[in-house]
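All remarks here apply to the structure that follows.
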Protein chains: 2
Amino acid sequence: MALEHAILVSLAERSASGYDLARRFDASIGHFWKASHQQIYKVLARMEGDGWVSSETVAQAGRPDKKVYVVTSAGRTELAAWTARPTAEEHLRSEFSVKLRALPFGDAAAIVEDVRRQRRHHADRLAYYVESAAKFYPDPDSLTHDQLGGWLVLRGGLLTEETAIRWCDEILQRLLDAEADR
Amino acid sequence: MALEHAILVSLAERSASGYDLARRFDASIGHFWKASHQQIYKVLARMEGDGWVSSETVAQAGRPDKKVYVVTSAGRTELAAWTARPTAEEHLRSEFSVKLRALPFGDAAAIVEDVRRQRRHHADRLAYYVESAAKFYPDPDSLTHDQLGGWLVLRGGLLTEETAIRWCDEILQRLLDAEADR
DNA sequence: ATGCACATGTAAGCTGTTACATGATTTT
DNA sequence: AAAATCATGTAACAGCTTACATGTGCAT
């Protein structure tokens with residue numbers, strides 16, 4: 001149950017409507033926590049019931065009204081309390097790893113193609129992170145207090161994608177060697 | 001919906017009861033796919049209904065009977081077909097990253113402690129992987145066809161944990177620098 | 001006597017996904 | 001005229017977690 005907290009963090013950074021949040025969860029925050037708009041609306045309603053956020057309907061010119069959510073002081077208290085609680089040990093859930101282990105029972109050529117596809121995904125995300133780093137943190141040696149968290153998360157993304165690519169390359173080398181051997 | 005396939009892979013490697021599978025999902029396979037015994041029993045029942053596995057009750061001396069599951073030929077067909085389907089792009093879900101981003105709104109000292117805890121988890125898992133590698137793959141340059149998948153998955157685990165530790169160290173350095181600055 | 005390993009489940013509830021629903025405005 | 005963007009939801013279902021339930025045999 002941490003979507004609540006992801007939303008609290010995002011709203012604490014800047015107030016937004018459910019729709020705005022959904023777009024953020026498609027981009028920046030979405031790189032380490034995905035959420036659909038349906039789920040976001042549902043959780044926002046619950047959070048408002050719990051008094052963590054409050055909403056105000058804002059009329060717009062030539063566009064539908066939107067409900068802008070703001071973190072309440074109870075919400076800020078909860079957010080701070082959550083940061084003080086230890087994070088649960090997070091375990092991977094990697095379908096790709098299961099598939100690798102299925103090598104002796106499956107289609108090796110298809111799996112090689114799959115590894116290439118994964119590598120492409122990781123390379124795309126790495127490129128995105130590199131671009132984001134250049135754009136939002138041009139001088140990483142002098143960050144403001146507010147920027148530090150975002151920068152560290154981005155560093156995690158960069159390191160993770162670089163490693164994933166190295167892993168894919170290692171897999172491809174092994175699989176192609178094994179193929180040549182036959 | 002890939003628990004089915006994780007179970008098929010595990011049963012294809014060696015037939016087992018639900019209880020046996022639950023223990024495997026606590027250890028080897030569990031490092032990249034977690035599942036509780038309750039869930040495993042439920043999915044096994046469904047898989048038997050679908051004809052992917054069949055079971056036989058085996059009496060044991062001084063122990064309760066157990067239902068040993070075997071992959072059927074339909075199950076093997078499904079497993080092979082699954083390996084030929086592309087793996088969905090898997091996205092991280094990292095509560096830890098959300099917490100890092102919550103730095104400006106939370107308890108920095110508690111977060112530092114949390115990073116140290118995460119680092120310990122990763123170091124523990126890395127040690128486990130290193131040990132497993134030495135034990136099960138003493139000579140990685142000459143692997144059998146059946147061993148290759150398992151070895152590659154283990155390599156992924158190793159690379160991932162090493163990277164996670166490097167990331168934690170980078171975070172700690174930054175956070176302690178920032179603290180010293182104040 | 002207490003607890004642990006073995007062994008298999010049911011039930012309730014929460015989270016998350018997919019499909020459906022509506023309607024205005026702007027861009028192609 | 002059709003498609004995309006803005007904007008907010010409901011409903012059904014699938015997946016997973018947590019709590020409950022039961023019973024044997026062995027070790028401490």
Side-chain angles (χ1 to χ4, degrees), chain A residues 1-8 10-11 15-27 29-30 32-50 53-69 82 88-95 98, chain B residues 1-8 11 15-27 29-30 32-50 53-69 88-95 98:
Chain A
M1 199 194 307
L3 177 54
E4 273 96 335
H5 298 106
I7 289 177
L8 278 179
S10 194
L11 286 180
S15 296
S17 67
Y19 187 85
D20 296 333
L21 282 172
R23 279 186 314 176
R24 291 186 198 167
F25 277 81
D26 277 343
I29 312 166
F32 49 92
W33 202 279
K34 290 276 175 207
S36 64
H37 70 101
Q38 293 93 328
Q39 205 191 338
I40 289 168
Y41 285 123
K42 220 186 300 178
V43 172
L44 275 174
R46 185 170 68 220
M47 289 168 75
E48 190 165 23
D50 291 342
V53 297
S54 65
S55 68
E56 202 184 333
T57 304
V58 174
Q60 296 183 111
R63 283 184 188 178
D65 294 356
K66 63 166 154 181
K67 260 165 90 176
V68 176
Y69 287 87
W82 172 72
E89 194 173 354
E90 46 204 39
H91 49 261
L92 306 172
R93 167 148 293 195
S94 168
E95 185 173 342
V98 179
Chain B
M1 204 195 307
L3 176 55
E4 272 95 335
H5 298 106
I7 289 176
L8 278 179
L11 286 180
S15 297
S17 67
Y19 187 85
D20 296 333
L21 283 171
R23 279 187 314 177
R24 290 186 199 168
F25 276 82
D26 276 342
I29 312 165
F32 50 92
W33 202 276
K34 289 275 174 210
S36 64
H37 70 103
Q38 294 94 328
Q39 206 190 336
I40 289 168
Y41 285 122
K42 220 185 301 179
V43 172
L44 275 174
R46 184 170 68 221
M47 289 168 75
E48 190 165 25
D50 290 343
V53 296
S54 65
S55 68
E56 203 184 333
T57 303
V58 175
Q60 297 183 110
R63 284 183 188 177
D65 294 356
K66 64 167 153 182
K67 261 165 90 174
V68 175
Y69 288 88
E89 193 174 354
E90 46 204 40
H91 50 262
L92 307 172
R93 169 148 293 196
S94 168
E95 186 174 341
V98 178

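Just so it is clear, the model here is predicted, and its values are computed rather than measured. Every chain is numbered from 1, with letters handed out A, B, ... down the list of sequences.
Summary of helix geometry: the two end axes of the helix from C/dA1-D/dT28 to C/dT28-D/dA1, each defined by five base pairs via their C1' atoms, are inclined to each other by 30° (rounded to 10°).
The CG-C1' distance, from A/Leu3 to C/dT17, rounds to 13 Å in whole Å. When rounded to the nearest whole Å, the span between CD of A/Glu90 and P of D/dC16 equals 17 Å. To the nearest angstrom, C1' of D/dG23 lies 14 Å from NE2 of B/His37. B/Leu44 has its CG atom 14 Å from the P atom of D/dC16, to the nearest Å. Atoms CD1 (A/Ile40) and P (D/dT10) sit 15 Å apart, rounded to a whole Å. Going from atom CD of B/Gln38 over to atom C1' of D/dA19 covers 9 Å, rounded to whole Å. Atom-to-atom, CZ of A/Arg46 to P of C/dG13 comes out at 15 Å; the value is rounded to the nearest Å. Between the NZ atom of B/Lys42 and the C1' atom of C/dG13 there is a distance of 11 Å, rounded to whole Å.
Crowding of A/Glu56 atom CD: a count of heavy atoms from other residues, nucleotides or ligands under 6.0 Å not exceeding 12.
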Check nucleotides 5-7 of chain D for protein N or O atoms closer than 3.5 Å to its own N or O atoms and list the pairs.
unit_1, atom_1, unit_2, atom_2, d
D/dC6, OP1, A/Arg23, NH1, 3.3
D/dC6, OP2, A/Tyr19, OH, 3.0
D/dA7, OP1, A/Gln60, OE1, 3.0
D/dA7, OP1, A/Gln60, NE2, 2.2

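The two atoms that bring B/Gly18 and B/Tyr41 nearest to each other are CA-CE2, 3.8 Å, heavy atoms only. The minimum heavy-atom distance linking A/Ser15 with A/Arg24 is given by the pair O-NH2, 3.6 Å.
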Problem set entry | Working for side chain to side chain contact (heavy atoms under 4.5 Å, CB included), residues B/Val43 and B/Leu21 | CA-CA 12 Å; B/Val43 172; B/Leu21 283 171; over 6 Å; no
Exercise. Where do B/Val53 and B/Ile7 land on the side chain to side chain contact (heavy atoms under 4.5 Å, CB included) test, with the steps shown first?
Worked result: CA-CA 10 Å; B/Val53 296; B/Ile7 289 176; 5.6 Å; no
Problem set entry | Trace of the side chain to side chain contact (heavy atoms under 4.5 Å, CB included) decision for B/Leu8 with B/Met47 | CA-CA 9 Å; B/Leu8 278 179; B/Met47 289 168 75; 3.6 Å; yes
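Looking at B/Arg23 and B/Asp20, a side-chain N of the basic residue comes within less than 4.0 Å of a carboxylate O on the acidic one, giving a salt bridge.
Side-chain contact between B/Glu95 and A/His5 is absent, with no heavy atoms from C-beta onward closer than 4.5 Å.
For B/Gln39, the side-chain atoms get nearest to D/dT17 when compared with the rest of D/dT17, C/dT10, D/dG9.
B/Arg93 contributes atom CZ, which lies 11.5 Å from atom CZ of A/Phe32 (distance to the nearest 0.5 angstrom).
Both B/His91 and B/Tyr69 sit near DNA chain C, but only B/Tyr69 has its closest nucleotide nearer the 5' end.
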